[in-house]
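Residue numbering restarts at 1 for every chain, and letters A, B, ... go by the order of the sequence lines. Predicted model only: the values in this text are computed from it and were never measured.
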There are 2 protein chains.
Amino acid sequence: MPGTLTAKGAATRQRIVEGAAAEIRDRGVLATTLDDVRARTATSKSQLFHYFPGGKEDLLLAVAELEAARVISVQQPHLGDLTSWPAWEAWRERVLDHYREQGRRCPLNVVTSQLGRSTPGAQAVVTELIAIWQGEIATGIRHMQASGEIATDVDPNRSAAALVAGIQGGVLIMLSTGGLGHLEAALGAGIDALRRSRRSR
Amino acid sequence: MPGTLTAKGAATRQRIVEGAAAEIRDRGVLATTLDDVRARTATSKSQLFHYFPGGKEDLLLAVAELEAARVISVQQPHLGDLTSWPAWEAWRERVLDHYREQGRRCPLNVVTSQLGRSTPGAQAVVTELIAIWQGEIATGIRHMQASGEIATDVDPNRSAAALVAGIQGGVLIMLSTGGLGHLEAALGAGIDALRRSRRSR
DNA sequence: CATAAAATGGACCCGCAAGTCCAGATCTTG
DNA sequence: CAAGATCTGGACTTGCGGGTCCATTTTATG
């Protein structure tokens, strides 16, 4: 492991992580070998272990971090600005569009399900991702409560948790069945519940 | 592959599947080798390939079918009898209890995420499981609509889909974080939405 | 420009686990 | 009880893929 990274070194490291992520997206974690990554990124075996001393596990962890960041960033700027019903709709559409075009490949779920429970590092990545996601949604709910669009007896964290769970499940089901129906239903039901909260008191 | 199974043969086959399922529950798919299964079930290599000519994949598929059946049966008889609010509550408790005690191990999600998208067989198992689960819930909703406990403008299939997605996501998150909060929130929010439907019109 | 650290290439090792094979035991059924 | 199927034991092969090693080249820095 290098003490300090050269500019060239940092570039190579990044190339490896991105190449590995792409390979995994294309062919799955199970089917991706270090040799595949090596071939795709035009690097040598020693480079892989130079930048990821822990071997494959290290590399997978770096990929998981990259993909976790992607999951959030692809929802922006909508996710950070849930301040009106049209904004919620825009976010909803964005999420659906993303998974529609991404089709069968949810890189993060794939990666984490591979090393999910095993390594504490990967677990931390997932936990943080969920926390951020849920936090953004909860902030949106509080904002809507402040402007009187959502009833104040709604628990922002709990509702956000339910919504995140629904999205996760919807994506998971899509990965197996190929259908977007469940994701669409979960998003719709979750947002509808918020929207109707005012009227139901 | 045997043309017909002897009584003894059937027993052995079953012993293998159940042993493999237990091993996977204990140590994960990744860490489970055919030798582990062989040791645990007191069988020989040739027996494994005698009953599962397709090798590991065949065996995993059989395990997936077993676990899928378990997922449903553990929710019975409640899942098949969602005809009153107390019944819904009982079902909810059962699901939570099950995953609470099962802790970090969701055998089905583990198995399917391993070969999920790859093999059409495993995909069929998951698709069918989801369909049955969702169908049972939808039936319960229709029953409650008939007795006036749920508003008639609720789409049973869509609501059931959202609920199943929430449960799946909640379980998935529990697998990574260890917390039951999301599952609990998803179940609570989903049922609450149904319960409030009458009042919100 | 000298020197030490970092980066690179690629040959090599090694263990593991899936899968093969066949001899022999056991069962079924006419 | 005989014959053909089914079942079982376990040694063996094989390939793959993660990980090691070291020689060589490139880069930073005084």
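- Across all strands shown, B:Thr33 has heavy atoms under 4.0 Å from sugar-phosphate atoms exclusively, and none from any base.
- Remark: P of D:dA11 and CZ of B:Phe49 are 17 Å apart, rounded to the nearest angstrom.
- Across the protein-nucleic acid pair, B:Glu57 atom CD and C:dA17 atom C1' stand 16 Å apart, rounded to whole Å.
- Side-chain atoms of B:Trp88 come within 3.5 Å of backbone N or O of B:Leu82 as a donor-acceptor pair.
- Side-chain proximity of A:His50 to D:dC21, C:dA18, C:dA7: nearest is C:dA7.
- A:Arg100 pairs in a side-chain contact (heavy atoms from CB on, under 4.5 Å) with only one of the listed residues (A:Leu183, A:Leu180, A:Val95), which is A:Leu180.
- Remark: side-chain polar atoms of B:Ser197 are paired, donor with acceptor, to backbone N or O of B:Leu194 under 3.5 angstrom.
- B:Ile16 has its CD1 atom 11 Å from the P atom of D:dC7, to the nearest Å.
- One can place CG of B:Asp58 at 13 Å from C1' of C:dA18, the figure rounded to the nearest angstrom.
- Summarising the geometry, the separation between NZ on B:Lys8 and P on C:dT26 is reported as 7 Å, rounded to the nearest angstrom.
- The side chain of B:Thr12 places no N or O atom within less than 4.0 Å of a non-bridging phosphate oxygen (OP1 or OP2) of D:dC7.
- You'll find that the side chain of A:Leu34 is closest to D:dG18, out of C:dG19, D:dC7, D:dG18.
- Atom CG in B:Leu48 sits roughly 12 Å away from atom C1' in D:dT8 (whole-Å rounding).
- Look at CG on B:Asp35: it is 12 Å from P on C:dG19, rounded to the nearest Å.
- Closest to the side chain of A:Thr6, from the set C:dG19, D:dT6, C:dA6, is C:dA6.
- The A:Ser44 side chain lies nearest to C:dG10 when the options are D:dG9, C:dG10, D:dC7.
- Looking at A:Gln14, its side chain never comes within 3.5 Å of a backbone N or O of A:Ala11 through a donor-acceptor pair.
- Counting only heavy atoms from C-beta on, A:Lys45 has its side chain closest to D:dG19 among D:dG19, D:dG9, C:dA18.
- Nearer to the 5' terminus of DNA chain D, by closest-nucleotide assignment, is the contact made by B:Ala7 (compared with the other of B:Ala7 and A:Thr32).
- One atom, CG of A:Leu30, and another, P of C:dA18, lie 12 Å apart when rounded to the nearest Å.
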